[in-house]
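Working notes for the structure below.
Letters A, B, ... mirror the listed sequences (proteins, then strands); counts begin at 1.
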Amino acid sequence: MSMDEVPELRVTPDRYVTVRYAGASGDFNPIHIDEEFARSVGLPGRILHGLWTMAQVARAQTEAAGGPDRLQRLAVQFRGMGVLEEEVVVTSKVREVADGVATVDAEARQGDTRIVRRGVAEVKTAQPSSSGNG
Amino acid sequence: MSAVGKTYPPVTYAVGREKIREYAHAVGETQPLHLDLDAARAAGHRDLVAPPMFVVVYAAQAFATAIVDPELELDFARMVHGAQEFAWGPLVVAGDEITTELEVADIADRGGVGFFTFTSRSENQDGERVSTGTWTCIVRGE
């Protein structure tokens, strides 16, 4: 895998994704799962977990690179608010490749709102010498 | 501030096969390594492989303990997650026991906005560093 290019990842969170993610991650902050509570604190409604969105950015890299062992580092900033039932688009651009590691700039958007910005991933491009012993 | 450098007692998390599946489904993973035991073993892994971002599951308790530490005076109700960084080592698989230690890396006030940065260091049962995390929480002013 050359990692010259990382395909766009598109995913539309359904209205219960935050409930499943709360259970899976243990983050039960009511702004993600309780519509009434979310509105009471001035949000438009329940919002996505930032770390769910970061997981989509990670997934874009691991799918492009050919496996979870390729992702060495990922840093993101959370901005805006991710909402349910609206397509999330992860875009990634390879900035440089050096010593078998690609540095990738990535962000996640919903429409014109960037919900993850300044994402930087480091992804191994060379075939590993062994396929892992996990 | 005085709390910078403070660490919390390490927390050990036992990684379960079905927890990996549950997490993988919740984030939309489709790779067989995370879902199909035979595929994971055929690829040379001992058991199902956790997606990299599964770090939020095994490190969650350590992080949760820190942010409610009264010494930090972190106003939970006005907190938002500002930034996150992870660096990964060897893959985590079901059956691993991951021990995470959390440290207060930095506390800063910029124009009435509080920035709390924590570092997590997670090791598997063999003492290998499986991930290092930098967690940045932003607390809006009154």
Self-check item: Contacting region of B:Gln84 [heavy-atom separation from chain A under 4.5 Å]
Solution: both
Heavy atoms, side chains only, cut-off 4.5 Å: are [X] and [Y] in contact?
{"X": "A:Trp52", "Y": "B:Met53", "value": "no"}
{"X": "A:Pro68", "Y": "B:Pro52", "value": "yes"}
{"X": "B:His25", "Y": "A:Arg20", "value": "no"}
{"X": "A:Phe78", "Y": "B:His81", "value": "yes"}

Is [X] in contact with chain B via its backbone, its side chain, both, or neither, using a 4.5 Å heavy-atom distance?
{"X": "A:Arg79", "value": "side chain"}
{"X": "A:Val76", "value": "both"}
{"X": "A:Ala58", "value": "side chain"}

Quiz item: Of B:Leu33, B:Val49, B:Leu91, which meets side chain to side chain contact (heavy atoms under 4.5 Å, CB included) against A:Asp69?
Solution: B:Leu91
Quiz item: Between B:Glu85 and A:Arg73, is there a salt bridge with N-O shorter than 4.0 Å?
Solution: yes
Quiz prompt | Pairs of heavy atoms under 4.5 Å with chain A: top-ranked of B:Ala87, B:Ala50, B:Ala64 | solution = B:Ala87
Exercise. Report the option among A:Gly26, A:Gly23, A:Pro13, A:Ala22 that has the most heavy-atom pairs separated by less than 4.5 Å from atoms of chain B.
Key: A:Gly23
Exercise. Considering non-hydrogen atoms only, spot the tightest contact between A:Val17 and B:Ala26 and give its length.
Key: CG2-O, 3.8 Å
